[in-house]
Participant: 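Could you have a look at this structure, given as structure tokens, before my questions?
Whatever order the structure lists ligands and atoms in, that order sets their numbers, starting from 1.
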Amino acid sequence: MAQEKTIWENLKPDEEKKLESVSSGYIDFLCRAKTEAEAVDYFIERLLKAEFQDLEKLDKLKPGTKFYLNHTGRTLAAGIVGKNELKNGLFIIASHIDSPRLDLKPKPLYEDSETHTALLKTQYYGGLKKYQWVNVPLALHGRIFTKDGRVIKLNLGEDEKDPVLLIPDLLPHIAKMQHDRKLFEGIAAEEMNALAGSRPGDFKEDKFKGQILKILKEKYNVEEEDLASADLALVPAGKAREGGLDSSLVIGYGHDDKASAYTSFRAFQDISEPEDTVLVLFFDKEEIGSQGTSGSQSNFLEYVATVLLHKLTGHSDNFHLLSLLRKSNAISSDVDAAMDPSFKGAHDEHNAAKLGSGIVIAKYSGYGGKFEGSEAPGEFVAYVRRIFEKHDVPYQFGTLGKVDEGGGGTVAQDFARHGMNVVDAGAPVLGMHAPFEIASKADLYSCYKAYRAFMLH
Ligand code: MN
Ligand code: MN
């Protein structure tokens, strides 16, 4: 049965420890993996320790073979060959590992001599409320690729001794020019400029910008133009932590969708010798529509499935691939909206997910008249309910908000396209897409149990 009570009220004494272990592991993950590339690094480090092998380098696959495939360091698949090999299709859990943030523009650095400052121009990535991202300490994460083939990894602003960046908002005393702006327009995109420096260097012109370039040269041996061949982003600086006076919550950057990525990976780590072949997928670019080589609209899944088919059965033709994908089953593991206690009016109270009531099964996504969403067939929702109940997983049903309030999509449609069964299911989150978001430890634990149950089915 879907939950009426909270998970806390039904928690068995021996489950408390596991719940705390999942949430403390998750907090550590959130601190280490703020970008898709950092998440892929985190997962691969653990897969290698557990003796997973590169799928492309494996000759022969057999039940129990543990494999992974890394695409561009931004998208990842990991799996275990089941006893039934591919007879019943694949059991897939797919999440995304990118989160809303502020990317640096290709020519980010400029000087404003009038205000004695050097600044970095940003471009927001994903659907965020820009006004939330000003006056928040920001860390610089990413990689710079130089012409001579060097890769410089940056992670600046997380260590207590590191400096952080900040986009200053106008002080309230003289903010009359902002009074008539609507909330969402309080800060315009071209006003999202982060302070990079205020100390002049010994140069004839561009003294402030020159000083920053000098530091970049000395510290990382990079030129200004190298910033154009880079993936650099500003993300909220600081650690994820426990939240609430009762420590029932986790507050951190990137619950969307690291909560699903971590709990599905953790569940996957606890599986051995599955009946059917399981696959966990971690995609980039979901926050901007899943396009691109590392997004779920790419042919990454088809490629992984083709390699698996070829190495298990000797077949790699289109007929066998399409047949495999059509009989596969997937959970699109993505977070949902928890009903906001101060803005209940945005939700349909009867269909809103509640914090602490477990993983949210979202039968469909999209906006308005279900436009641009993906809907799971009723019989597949029934199948997932049966699995969850068999494995004692607390869950709830939910829709994102009032029909005419807005909406959103997930990677589900890119799986449904192949004719497979797929449903969205993930943790309810408060304050989604804000620099710091809120999730319940109980829901994270429910997600862990749910994803594990699906893989075992
Ligand atoms: Mn998401
Ligand atoms: Mn999102």
Participant: Pull up every protein N/O/S atom sitting under 2.8 Å from the Mn ion (ligand 2), skipping waters.
Facilitator: D256 OD2, E287 OE1, E287 OE2, H433 NE2
Participant: Tell me, which pairs form a salt bridge (Lys or Arg N to Asp or Glu O under 4.0 Å) where one or both residues lie in residues 324-339, sequence neighbours left out?
Facilitator: none
Participant: Counting the benzene-type ring for Trp, do Y68 and F282 have ring centres under 6.0 Å apart?
Facilitator: no
Participant: Please tabulate, for side-chain N and O atoms in residues 449-457, each donor-acceptor pair with protein atoms closer than 3.5 Å (sequence neighbours left out).
Facilitator:
{"residue": "K449", "atom": "NZ", "partner": "E15", "partner atom": "OE2", "Å": "2.8"}
{"residue": "K449", "atom": "NZ", "partner": "D392", "partner atom": "O", "Å": "2.9"}
{"residue": "Y451", "atom": "OH", "partner": "A425", "partner atom": "O", "Å": "2.8"}
{"residue": "H457", "atom": "ND1", "partner": "F454", "partner atom": "O", "Å": "2.9"}
{"residue": "H457", "atom": "ND1", "partner": "M455", "partner atom": "O", "Å": "3.3"}
{"residue": "H457", "atom": "NE2", "partner": "D276", "partner atom": "OD2", "Å": "2.8"}

Participant: Test of understanding: with side-chain hydrogen bond (donor to acceptor under 3.5 Å, both in side chains), list the residues that count as partners of S323, not counting sequence neighbours.
Facilitator: none
Participant: Does any donor atom in the side chain of H433 or D256 lie under 3.5 Å from an acceptor atom in the other side chain?
Facilitator: yes
Participant: Decide whether D257 and S260 meet the rule of one side-chain donor and one side-chain acceptor closer than 3.5 Å.
Facilitator: yes
